[in-house]
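Notes follow the structure.
In this text the structure is predicted, and so the values were computed from the model without any measurement.
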Amino acid sequence: MNDAKQNSATKKPRQLRAAGRLRAASRLMFAIPLLLTLFAGACSRREWVEFRGSRGLGLARTSIEAPIAVKWKLILAKQPDDRRHFNQPLLMDRTIYFGSADGNFYSLDLDSGFMNWTFRTGGPINSVAFADGEKVYFGSSDGYIYAIDRRSGEAAWQFQARGQVNSTVVGYEDMIVAAGDADAVYFLSTDGELQFELDNAVWYRNSYQVFDDILAFAPGSPENPYDLAVYDLANQRYLWQLGEELDRYFWFSFPAVKRGRLFFSVTGLVDPGVWEHYFAGIDLYSGEILWERTDLAFLTGEIGLLTARDYLLKNALLLDYGAPL
């Protein structure tokens, strides 16, 4: 794609590369302490029950108005060497819901910061939750997908995956969609019953959107697990997959969809100390590339390939801020 340089020294054998391929949701990961600004008036007229709002479009139909100031703050437990202290919050009925790397899922009163309840899991919560009228759903690195009663804070059910569940959780029709790392994408009823699943042999921290009965991105098909795919949920078939040209990239962004076009970005090492960023717009239904662009970023100083790779792995989550919206 384009005339970007390739360097075979930066590629890993596929069996080794599987453990390193990450695709993370573009999350609002606030540093501790959490500072809540005075957006209550703007948000009170709209609920925000899934990542990036209604259908993941990132559109708020109300505005934030001055004055903006700290109303209250909550100190969360810090986790050594973990930048994922706090995930994208949900807002429903003037209540904020979010998970934390301390293993707790929180319910807080929007106006006062009063803690309604916490739910303890067996590992850090890096999953981005989804809520409906009765329950809030999220995954944990302890390997479970949870459904928690929004009012009582008690578990309505929990579903055991085969891998850690660090994915975006979304609602589709009367189902909940969540993915386990190098495991599967699970489609569960709101009662926790498995409806069907898609193989996910390679990808970690999956993120996706459902638009017009299409899942983008789904993990690649069993025949091509290293690719990313667009999957027709209504007919349960793969429409198209990204090609092997993108194999040299390491990090894949959360996808954005607008008017039948899919936008995404990826990042990888092409030379020692040189990262390449690739951006593209693709027809959602056909996979036709509408436009693409590459850009380079340089690590200064004497940086070897291994050091550059380690640096990229360590800071990959910061790339989430660069995902298209």
Side-chain angles (χ1 to χ4, degrees), residues 18-34 48-52 56 74-91 96-108 118-131 135-148 155 158-171 176-186 188 200 202-209 217 219 250-255 267 312-323 325:
R21 295 291 289 272
L22 303 176
R23 182 163 62 94
S26 173
R27 307 168 184 179
L28 297 180
M29 296 174 288
F30 297 96
I32 295 175
L34 163 64
W48 197 266
V49 300
E50 63 184 302
F51 180 59
R52 290 185 167 179
L74 171 70
I75 306 297
L76 300 176
K78 290 185 178 181
Q79 305 298 307
D81 300 322
D82 195 336
R83 290 168 171 79
R84 293 165 288 161
H85 298 303
F86 177 43
N87 278 324
Q88 167 78 29
L90 305 181
L91 174 65
I96 293 177
Y97 302 95
F98 63 91
S100 171
D102 63 14
N104 291 315
F105 194 87
Y106 293 88
S107 169
L108 304 178
T118 62
F119 183 87
R120 181 72 176 172
T121 73
I125 299 173
N126 303 310
S127 166
V128 180
F130 172 78
K135 296 184 282 286
V136 58
Y137 310 86
F138 62 91
S140 171
S141 59
D142 66 5
Y144 284 93
I145 302 166
Y146 291 93
I148 308 300
Q158 59 189 53
F159 178 90
Q160 185 172 14
R162 296 184 293 272
Q164 296 186 16
V165 184
N166 296 304
S167 73
T168 305
V169 179
V170 300
I176 302 299
V177 186
D181 291 346
D183 173 7
V185 179
Y186 295 99
L188 307 174
N200 175 33
V202 173
W203 297 94
Y204 286 67
R205 289 197 283 275
N206 289 63
S207 58
Y208 28 71
Q209 280 204 60
F217 284 113
F250 161 79
W251 172 88
F252 287 70
S253 75
F254 185 93
T267 296
L312 178 59
L313 288 170
K314 182 179 179 180
N315 294 282
L317 293 173
L318 298 179
L319 290 167
D320 293 343
Y321 292 105
L325 180 59

Exercise. Would you call F138 and I148 a side-chain contact if the rule is heavy atoms closer than 4.5 Å?
Worked result: yes
Exercise. Less than 4.5 Å apart, any side-chain heavy atom of P219 and any of V202?
Worked result: no
Does [Y] offer a backbone N or O that forms a donor-acceptor pair with the side chain of [X] under 3.5 Å?
| X | Y | result |
| --- | --- | --- |
| S127 | S167 | yes |
| Q209 | P255 | yes |
| T168 | V128 | no |
| N166 | Y204 | no |
| Y137 | I145 | no |

For this session: Taking the six-membered ring for Trp and the full ring for Phe, Tyr or His, determine whether the centres of F252 and F217 are under 6.0 Å apart.
Result: no
Exercise. What is the distance from atom OH of Y106 to atom CG of N104, rounded to the nearest 0.5 Å?
Worked result: 4.0 Å
For this session: State the CD1-OH distance between I125 and Y146, to the nearest 0.5 angstrom.
Result: 8.0 Å
State, to 0.1 Å, how close [X] and [Y] come at their nearest heavy-atom pair, and which atoms those are.
| X | Y | value |
| --- | --- | --- |
| V185 | N200 | N-CB, 4.2 Å |
| A178 | V165 | CB-CG1, 4.4 Å |
| S207 | F254 | CB-CD1, 3.3 Å |

For this session: Go through the structure and list residues passing salt bridge (charged side-chain N to carboxylate O under 4.0 Å, His left out) with D183, not counting sequence neighbours.
Result: R162
Exercise. Which one of V136, I96, V49 satisfies the side-chain contact (heavy atoms from CB on, under 4.5 Å) criterion with L90?
Worked result: V136
Problem set entry | Candidate pair L108 and F98, rule side-chain contact (heavy atoms from CB on, under 4.5 Å), full reasoning | CA-CA 9 Å; L108 304 178; F98 63 91; 3.6 Å; yes
Problem set entry | Set of residues satisfying side-chain hydrogen bond (donor to acceptor under 3.5 Å, both in side chains) with respect to S140, sequence neighbours excluded | T121, D142
Exercise. In chain order, what residues pass the side-chain contact (heavy atoms from CB on, under 4.5 Å) check against S107, with sequence neighbours excluded?
Worked result: T95, Y97, N116, W117
